[in-house]
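Below is one structure, written out as C-alpha cells; the observations come after it.
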Amino acid sequence: MSRNLISDQELTDRLYFSDKDAFDELYHRYWYTLYAYSLKKLYSSEDASKVVRDVFLDLWAKRQTRPLDFSVSQFLYTEVRRTVVSAVNQKLISDHCIVEELISDFSTEALLQSKLPVKKNKISSATHHQTNQNKESKFSSIFNVKWLRQGLVAKLN
C-alpha cells in the first residue's frame, strides 16, 4: 500500500472489512502527532504511549460499529484529548493522598506542638528543614498538576 495516496475515508471503509493494511496506514499517519500531543500534556512518554495505544485499540475494536460518514481524524483527536484529560484527573486522584498528608500537619496536636518552645539543636533543625523541603516539593507538584488540569479543561471548553 503506498502511503498518502489513499484517502482517510477509503481507509476507514476498508477498516470496516478488517483490513489490517488500512489500519496500519492510519496508525502511521496519526500516531506521531497524537503521541506528541499526549506527551506535551502528560509529561510522560510511557503515559503518552499508553494513551495512543488505547485509542488505536478502541478504533480497531469498534471498526464495524462506526457510521458511514465517520471521520477517523476527528475520532482520533477527540479520543486522545478525552483520554488525556481522564489521565490527568486520575493523577490528581492518586495524588490526593499527598494532600491528606499535608492536611494532617494542621491537626490540633500538630498545632499544639508548634506552640512549644523551639530547641536549638543542630540535628533537629536540619531534620526540620529537610522535612519542610519535602513538604514544599509535594505541594509544588500538586499545584503543578492542578494547574495543568485547569489548563486542559479550559482548552477543551
| task | Identify the heavy atoms of L39 and S44 that sit nearest to each other, and give their distance. | result |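 Here L39 and S44 meet closest at CD1-C, 3.6 Å.
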| said: If you compare all heavy atoms of D21 against all heavy atoms of D19, which two are closest, and at what distance to 0.1 Å? | reply: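 Taking every non-hydrogen atom into account, N-OD1, 2.9 Å.
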| Is there a side-chain contact between S38 and D47 (heavy atoms, below 4.5 Å)? |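 Sidechains of D47 and S38: no contact.
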| Do L76 and V72 touch side chain to side chain, with heavy atoms closer than 4.5 Å? |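 Touching, per the 4.5 Å side-chain cut-off.
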| message | Between D8 and R29 (salt bridge meaning N to carboxylate O under 4.0 Å), is one present in this structure? | response |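 Result for this pair is yes, salt bridge flagged.
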| N-O pairing of E46 and K50 below 4.0 Å |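 Judged by the 4.0 Å cut-off on N to carboxylate O distance, E46 and K50 do not form a salt bridge.
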Apply side chain to side chain donor-acceptor pair (under 3.5 Å) to [X] and list each qualifying residue two or more places apart in sequence or on a separate chain.
X   : answer
S86 : none
D13 : Q9
E10 : none

| said: Suppose we screen for side chain to side chain contact (heavy atoms under 4.5 Å, CB included). Which residues come up paired with Q74, at least two apart in sequence or across chains? | reply: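 For Q74 the side chain to side chain contact (heavy atoms under 4.5 Å, CB included) partners, ignoring immediate neighbours, are S71, T78.
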| request: Please list, chain by chain and in numerical order, all residues satisfying side chain to side chain contact (heavy atoms under 4.5 Å, CB included) with S49, sequence neighbours excluded. | output: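 Side chain to side chain contact (heavy atoms under 4.5 Å, CB included) list for S49, sorted by chain: Y35, S45.
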Starting at [atom1] of [X], measure out to [atom2] of [Y] and round the result to the nearest 0.5 Å.
X   : Y   : atom1 : atom2 : value
Y27 : L11 : OH    : CG    : 16.0 Å
W31 : F56 : CH2   : CZ    : 10.0 Å
L15 : D24 : CG    : CG    : 11.5 Å
L26 : I6  : CG    : CD1   : 9.5 Å

| Honestly curious: do F75 and F17 fall in one hydrophobic cluster under the side-chain, below-4.5 Å linking rule? |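 Hydrophobic grouping puts F75 apart from F17.
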| With hydrophobic residues grouped by side-chain heavy-atom distances under 4.5 Å, do L57 and L59 end up in a single group? |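 No.
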| said: Taking side-chain contact (heavy atoms from CB on, under 4.5 Å) as the criterion, tell me which of L34, D54, T33 meets it with V80. | reply: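 When side-chain contact (heavy atoms from CB on, under 4.5 Å) is applied between V80 and each of L34, D54, T33, only L34 qualifies.
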Kindly list each side-chain donor-acceptor pair under 3.5 angstrom involving residues 61-68, sequence neighbours excluded, with atom names and distances?
residue : atom : partner : partner atom : Å
K62     : NZ   : D58     : OD1          : 3.2
R63     : NE   : S18     : OG           : 2.9
R63     : NH1  : W60     : O            : 2.6
R63     : NH2  : S18     : OG           : 3.1
Q64     : NE2  : Y16     : O            : 3.1
T65     : OG1  : K62     : O            : 2.9

| task | Determine, step by step, whether R81 and Y77 satisfy the side-chain contact (heavy atoms from CB on, under 4.5 Å) criterion, reporting the C-alpha distance in whole Å, the side-chain angles of both residues, the deciding distance to 0.1 Å, and the verdict. | result | CA-CA 6 Å; R81 280 183 33 201; Y77 289 111; 5.7 Å; no
